[in-house]
Amino acid sequence: MIEDLKILKEEFEKEISSVNSMNELNEIRVKYLGKKSKVQEFSSHMKDLSIDEKKECGRLMNEFKVHVENMISDLKIELEKKLLEEKLEKEKIDVTLPATKIRVGGIHPITKVINEIEDLFISMGYDVLDGPEVESDLYNFEMLNLPKGHPARDTQDSFYITEDTLLRTQTSPIQVRTMLANMEKTPIRVICPGKTYRKDNDDATHSHQFHQIEGLVVDENISMSDLKGTLEIFAKKMFGEKREIRFRPSHFPFTEPSIEVDVTCANCNGKGCNICKNTGWIEILGAGMVHPNVLNMCGYDSNKYTGFAFGVGPERIAMLKYGISDIRNFYTNDLRFLKEFDRIEKEDL
Ligand code: DAH
């Protein structure tokens with residue numbers, strides 16, 4: 001039996017030396033210390049031994065058990081340490097790695113142009129006003145000197161909702177709203193950006209929904225030269241210091257006289273190129289002196305007050321400023337197009 005114990009110890013040492021996992025270690029524990037282990041089997045044969053042999057065998061068996069227990073618990077600590085190290089290695093985070101890039105949106109070119117125009121006019125003491133997109137025929141047309149049946153209504157093919165309401169075809173009705181709301185009839189200096197709608201077929205230069213910025217100044221002694229000075233500052237801010245403007249006679253029912261405003265072509269400096277159709281000039285907006293009928297209808301005495309008004313299309317300004325040839329680009333949300341403005345935005349900063 002003493003011999004058997006020796007062999008068992010050798011077997012155990014051989015086996016434990018190749019243990020690599022907790023599972024294997026548990027198997028060995030059961031095999032050498034469990035109820036059906038060889039040591040248990042030996043103890044059941046002890047009764048057949050002499051007293052001296054019993055003593056010696058008992059001592060050796062205890063020694064073996066303590067030895068097995070110590071080896072197993074040492075190895076358990078070692079394995080646990082190894083497992084922890086493996087886990088830490090696997091879960092290691094390299095804090096020096098570059099972070100995943102999160103794409104943030106940029107400012108839409110139309111919003112950018114509107115913001116720029118707002119900033120300019122705010123710096124000149126203007127207020128920025130808003131108005132409803134669903135507008136009454138009265139404000140959109142009639143009080144702007146466009147009575148029912150007026151031929152100029154046909155140029156603004158409208159989305160009517162009822163007989164008397166429509167999606168506004170222009171931001172000009174905010175002129176009416178502003179003058180009517182100003183009970184004391186004090187001077188007015190406002191710009192009004194917003195969406196406008198017309199029943200146009202979409203193509204490279206038309207969109208059924210687009211933007212306008214209305215400008216209105218009403219006070220005593222406002223003249224055409226005030227309008228010219230203001231629009232000169234505007235053109236230089238949007239297209240560069242070297243730009244000049246010119247007025248061409250035009251017609252709008254709500255202004256008299258009415259003009260269209262051209263700016264010298266930024267591409268060729270006024271020499272003539274394909275962008276300005278070799279004229280050196282590009283049309284940027286419509287304007288004029290507020291028609292006395294409009295002033296009177298809105299409660300301003302046209303003998304005392306005069307005013308100027310203008311209407312700018314941010315799409316047109318953005319197309320000229322950034323060399324965009326198709327208005328539909330603004331509304332189709334192609335990221336390749338919009339990303340270009342991310343870049344312009346950052347360069348501007
Ligand atoms: N509302 C005009 C349009 O849609 C643009 C315009 C022209 C506005 C002249 C004005 C103006 O205030 O004075 O065509």
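Quick caveat: nothing in here was measured; it's all calculated off a predicted structure. Both ligands and their constituent atoms are indexed starting at 1 by order of listing.
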For T96, does its backbone N or O pair with a side-chain atom of D94 as donor and acceptor, under 3.5 Å?
yes

Judged by atom type as modelled, is there a donor-acceptor pair below 3.5 Å linking the side chain of T196 to the main-chain atoms of F210?
yes

Exactly one of N23, V68, I72 should register a side chain to side chain contact (heavy atoms under 4.5 Å, CB included) with I28. Which one does?
I72

Just let me know how H251 lines up against ligand 1, side chain, backbone, both or neither, with a heavy-atom cut-off below 4.0 Å.
neither

Should the ring pair H67 and F64 be called parallel, tilted or perpendicular, given that the plane angle runs from 0 to 90° and is split at 30 and 60?
tilted

Please list the nearest protein heavy atom to atom 14 (O) of ligand 1 with its residue and the distance rounded to 0.1 Å.
R198 NH2, 3.9 Å

Proximal ligand 1 atoms for G288, defined as those under 4.0 Å from one of its heavy atoms:
13 (O)

Parallel, tilted or perpendicular, judged at 30° and 60°: which one describes the rings of F121 and F234?
tilted

Among protein heavy atoms, which lies nearest atom 1 (N) of ligand 1, and at what distance?
Q170 OE1, 2.7 Å

Which of the numbered atoms in ligand 1 are under 4.0 angstrom from any heavy atom belonging to Q212?
1 (N), 3 (C), 4 (O)

Which atoms from ligand 1 have a heavy atom of T255 less than 4.0 Å away?
13 (O)

Report, in ascending order of atom number, the atoms of ligand 1 lying under 4.0 Å from any heavy atom of F252.
7 (C), 9 (C)

E232 bridged to R243 by N-O distance under 4.0 Å
no

Y126 side chain to E118 side chain, donor-acceptor N/O pair below 3.5 angstrom
no

Are any of the side-chain heavy atoms of T255 and H291 separated by less than 4.5 Å?
no

Side-chain contact, heavy-atom cut-off 4.5 Å: E135 with Y197?
no

Atoms of ligand 1 less than 4.0 Å from S172 heavy atoms?
1 (N), 8 (C)

Heavy-atom nearest neighbour in the protein, as seen from atom 12 (O) of ligand 1, with distance rounded to 0.1 Å:
E214 OE2, 2.5 Å

the protein heavy atom lying closest to atom 5 (C) of ligand 1 turns out to be G311 CA, 4.1 Å

Measuring from the heavy atoms of M289, does anything fall under 4.0 Å of ligand 1?
no

Using a strict cut-off of 4.0 Å, indicate which atoms of ligand 1 neighbour a heavy atom of A287.
9 (C), 11 (C), 13 (O)

Would a 4.5 Å heavy-atom cut-off, applied to side chains only, mark D137 and R153 as touching?
yes

Any idea which atoms of ligand 1 are less than 4.0 Å away from a heavy-atom of G286?
7 (C), 9 (C), 11 (C)

At a 4.0 Å threshold, what atoms of ligand 1 neighbour a non-hydrogen atom of A309?
12 (O), 13 (O)

Could you check whether any heavy atom of F254 sits closer than 4.0 Å to an atom of ligand 1, since that is the contact criterion I want to use?
yes

